[in-house]
Amino acid sequence: MAPKLSHFESVDAMVARLKPGYPVYCLRPHELERAAKTYLELFPGRVLYAVKCNPHIEVLRTLYRAGLRHFDTASLAEIALIRENFPQADCYFMHPVKARSAILSAHEVFNVDHYVIDHAAELEKLVDVTGGGDGQVCLVRLVTPQHDALYKLSEKFGAGADEAVDLLKRVDAAGFQTGLAFHVGSQCRTPDAFRDAIELVGRVIERAGVPLHYLDVGGGFPAAYVGDEPQPLDAYMDAIRDGLRAIKLRGDCVVMCEPGRGLVAGAMSLVVQVQLRKSGAVYINDGVYHSLSETMTAGVKLPMRLIRPNAPIAHDLASFSVYGPTCDCTDVLPYQVELPADVREGDWIEIGQVGAYSNAMTTRFNGFSPETFVTVGDPPLTPAAVARAHGAASPDAREAAHAEPADAGAA
Ligand SMILES: *Cc1c(COP(=O)(O)O)cnc(C)c1O
């Protein structure tokens, strides 16, 4: 069993104590537990956690402690991670493209019985390896109408409506329990995307004329980034309920969702240290090849707060280029960051909203590999919280803080 993480009352207490020259992930278990309970309470069905988003064991343990028992897994390693740590939990193999050997191990070693496909050839694999039938569930991944989201997952995966009708019939004929699944795209800003996708589901099942046992509405629930404050989770749940009310589902159809980002993003921040200050630039010890790759790949802007224990911080803010630790010139955040104008070597910066797709995506490039985790008691570091923190020092920023919408985090 992995040892428990060191706990600190606050991020500032951790910095004062460790004075870390390495990046430190600061997990907020209380916040993660609260977010998990919110999803479990509000979603009209079964909540699966998308493990790829943040597979750290303490994240998984906290979600389990909060009552989450279902996990969306996409590889054998993820399945093993869940099965070995939580024998009572269920794994769902939700990757539409799987190695035959992975299907075999999932089926025979780990007793997984929910699989996703989006093509007839993948169904054939599943039938070849598992024999089909016998309580197995096969969900067909459906392409959904395009809305405003950071990643357009329907470009890579999913069957069109006609193909999905055909696949559903084949899945039923092969003796599986049937399902439909979709993903509206990560950091989806429009709750109506879910309603529209469910409407499409209604048309597909009507045409297929087979009983539907599972409907999986996927992930895509948003987190609070700078300049990208989401609508509350309630709006998404309302859109899903509206969608469900408008279609004909069997009474025993299991409805599922698979939140990743919206569930965990707010529950972790990252403390980095400034290694060098030049006039318009700071060099920190984490970057786009490590915890901050989504600033590049998804264009997310992360809230950042300066920490300088026992010394005053300048009141005025300035814009900085923020460089990561590797020797690669592309290791730089793709936008300017507002920080106190006197930021200097040895200061720390707390970067908020990194619970999703940060530690999960780091490389070991150039010998850097952030791997220190602690737990802290602070509330989430949201964009509004940063505006307040820097605003406390600066009258200008205080006005900016007032202009910013209140914390509306989905998580
Ligand atoms: C990545 C993924 C999720 C989680 O998506 P978020 O946008 O992080 O909520 C859910 N389901 C599937 C199939 C995924 O690939």
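Model, not experiment: these values are computed from the prediction. Both ligands and their constituent atoms are indexed starting at 1 by order of listing.
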Enquirer: Is a donor from one side chain sitting under 3.5 angstrom from an acceptor on the other, for S10 and D378?
Expert: no
Enquirer: Counting from 1, what ligand 1 atoms have a heavy atom of R261 closer than 4.0 Å?
Expert: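 Within the 4.0 Å cut-off of R261, ligand 1 contributes 6 (P), 8 (O), 9 (O).
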Enquirer: Would E258 count as a polar contact of ligand 1, with the cut-off being nitrogen or oxygen pairs under 3.5 Å?
Expert: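 Yes, E258 has an N/O under 3.5 Å of an N/O on ligand 1.
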Enquirer: Do S319 and E338 have a side chain donor and acceptor closer than 3.5 Å?
Expert: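 Short answer, yes.
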Enquirer: Looking only at the side chains, is there a donor atom on one of S269 and Q353 sitting less than 3.5 Å from an acceptor on the other?
Expert: no
Enquirer: For G220 and ligand 1, does the shortest N/O to N/O distance drop below 3.5 Å?
Expert: yes
Enquirer: With a cut-off of 4.0 Å, which atoms of ligand 1 are near a heavy atom of S186?
Expert: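 Listed by number with element: 6 (P), 7 (O), 8 (O).
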Enquirer: So, is R141 polar-close to ligand 1, with some N/O to N/O distance under 3.5 Å?
Expert: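 Looking only at distances, the answer is no, because the N/O contact criterion of under 3.5 Å is not met.
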Enquirer: Test of understanding: with side-chain contact (heavy atoms from CB on, under 4.5 Å), list the residues that count as partners of E124, not counting sequence neighbours.
Expert: none
Enquirer: Is the shortest distance from a heavy atom of Y357 to ligand 1 less than 4.0 Å?
Expert: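 The answer is yes, since Y357 has a heavy atom less than 4.0 Å from ligand 1.
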Enquirer: Hey, which atoms in ligand 1 end up nearer than 4.0 Å to a heavy atom of G219?
Expert: 9 (O), 10 (C)
Enquirer: Please work out, at 4.0 Å between heavy atoms, whether the side chain, the backbone, both, or neither of A50 comes within that distance of ligand 1.
Expert: side chain
Enquirer: Heavy-atom contacts with H183 under 4.0 Å: which atoms of ligand 1 show up? List them by number with element.
Expert: 2 (C), 3 (C), 4 (C), 5 (O), 6 (P), 7 (O), 10 (C), 11 (N), 12 (C), 14 (C)
Enquirer: Could you check T330 against Y289 for side-chain hydrogen bond (donor to acceptor under 3.5 Å, both in side chains), going step by step and ending with a plain yes or no?
Expert: CA-CA 9 Å; T330 59; Y289 290 99; 2.6 Å; yes
Enquirer: Using heavy atoms and a threshold below 4.0 Å, how should the contact between K52 and ligand 1 be classified: side chain, backbone, both, or neither?
Expert: side chain
Enquirer: So which pairs with a foot in residues 6-24 pass salt bridge (charged side-chain N to carboxylate O under 4.0 Å, His left out), sequence neighbours left out?
Expert: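 The answer is D12-R305.
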Enquirer: Determine, for K169 against D172, whether the closest basic-nitrogen to carboxylate-oxygen distance falls under 4.0 angstrom.
Expert: no
Enquirer: Check this for me, if you would: do D228 and K301 make a salt bridge, where the nitrogen-to-carboxylate-oxygen distance has to be below 4.0 angstrom?
Expert: no
Enquirer: Considering only heavy atoms, does D72 approach ligand 1 within less than 4.0 Å through its side chain, its backbone, both, or neither?
Expert: side chain
